[in-house]
Protein chains: 2
Amino acid sequence: MTEILDATDWAILAEVQRDGRIPLTELGRRVNLSASATTERVKRLEAAGVITGYHAAVDLAKVGFPVLAVVRLKYPGSQHQPLHRLLDERFEILECLRTTGDDCYTLKVAAASMPHLEQLVNELARLGSTTTNIVYSQTLPYRGPREPRV
Amino acid sequence: MTEILDATDWAILAEVQRDGRIPLTELGRRVNLSASATTERVKRLEAAGVITGYHAAVDLAKVGFPVLAVVRLKYPGSQHQPLHRLLDERFEILECLRTTGDDCYTLKVAAASMPHLEQLVNELARLGSTTTNIVYSQTLPYRGPREPRV
DNA sequence: AAAGATACCGGCAGATCCACGGCTTATAGC
DNA sequence: GCTATAAGCCGTGGATCTGCCGGTATCTTT
């Protein structure tokens, strides 16, 4: 892996990010490559760690978590174990980013109801001071990276 | 669709969220179902919109975006078109949530370098006042929902 | 008790994946 | 200029998986 991606690699990434289950022959058709050449490209991208996996996306509301919130957590000391334990226990915490700035962590939390969210925030508030924002809507659902303009 | 998920459905969701390319026969083996029964379950989940798609995950740093930041945007008026145009144009914006609270939008932004991030924040700052936090690390990368404790 | 609905299983035809060897092009060294 | 090596691509064939079919067991409905 020359650590550089050409236009074909980016085209492959765009397709598999859009549809992770696209057959290799169809993928090859879209990027103008044979199926076997496409296979080699994909395997190389996987082996290099560029593609880290394939995952199904699940509608949170449809599985009983209609409430989504962003919680920022300001940590007084440097005790990280309690947070990690909470991440292990509370599956309602979907994502956790450690950031610069006044708030050390930014969390994405799913809840079944407002009381449920309140309870989750209470648990987080035992670790530090929290700031909670409810998500109205995903204006832009997560999308992966694209090829930069040249 | 009875609009309710049983334990087997949740087991299927857990597996396909972990590995979106798992063959149906192997999936069936893991959830103690035949391949055809598994197929029907998965199709039902897809048709009901519970599973919204399958996507490859890409390592941002490996494709040239080592800098990740959370930008909160406070919007003075209610002009949403400029933001939507920016979302269409700037693929470096990976996600955008509209939230309650002082800051109307929370964005996740990927950049190739600090100057690049600065430029992106400058563009966002033309729309409103911004608060930017650089992401040190993904303490917990996004994980999907799990079955609630009963 | 019979009819219907639901969920499951097994089997088969067709599609897909995967590993192999051969072909072409690019590069380096002599 | 020529050869050796490597990288990338292609086509093929066997193994696997998927999609569709009918059949069975359980539960509900009438």
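In what follows, every chain begins at residue 1, and chains take the letters A, B, ... in the order their sequences are listed. Since we're looking at a predicted model, the values are computed, not measured.
- Between the side chains of A/Glu46 and A/Tyr54, at least one donor N or O sits under 3.5 Å from an acceptor N or O.
- Taking every side-chain heavy atom of A/Leu33 into account, D/dC10 is the closest of D/dC10, D/dT18, C/dC9.
- For B/Arg44, whose side chain is taken as the heavy atoms from C-beta onward, the closest listed nucleotide among D/dC9, C/dG11, C/dA7 is C/dA7.
- With C/dC18, C/dT16, D/dC20 as the choices, the nucleotide that has an atom nearest any side-chain atom of A/Pro23 turns out to be C/dT16.
- Closest to the B/Ala37 side chain, of the nucleotides C/dC9, C/dC17, D/dG8, is C/dC9.
- With respect to A/Lys43 and A/Glu40, no salt bridge is recorded, no charged nitrogen being found less than 4.0 Å from a carboxylate O.
- Nearest to the side chain of A/Leu24, among C/dC18, D/dC17, D/dG11, sits C/dC18.
- Between the NZ atom of A/Lys43 and the C1' atom of C/dC18 there is a distance of 7 Å, rounded to whole Å.
- Along DNA chain D, the nucleotide nearest to A/Asn32 and the one nearest to B/Arg21 differ in position, and the one closer to the 5' end is contacted by A/Asn32.
- Listed nucleotides C/dC17, D/dG11, D/dC20 differ in distance to A/Ser34; the shortest reach to its side chain belongs to D/dG11.
- If you take CG of B/Leu27 and C1' of C/dC8, they are 15 Å apart, rounded to a whole angstrom.
- Two residues, A/Glu40 and A/Ile22, neighbour DNA chain C, and the one matched to the more 5' nucleotide by heavy-atom proximity is A/Ile22.
- There is no path of hydrophobic side-chain contacts, each under 4.5 Å, that joins A/Tyr105 to B/Val71.
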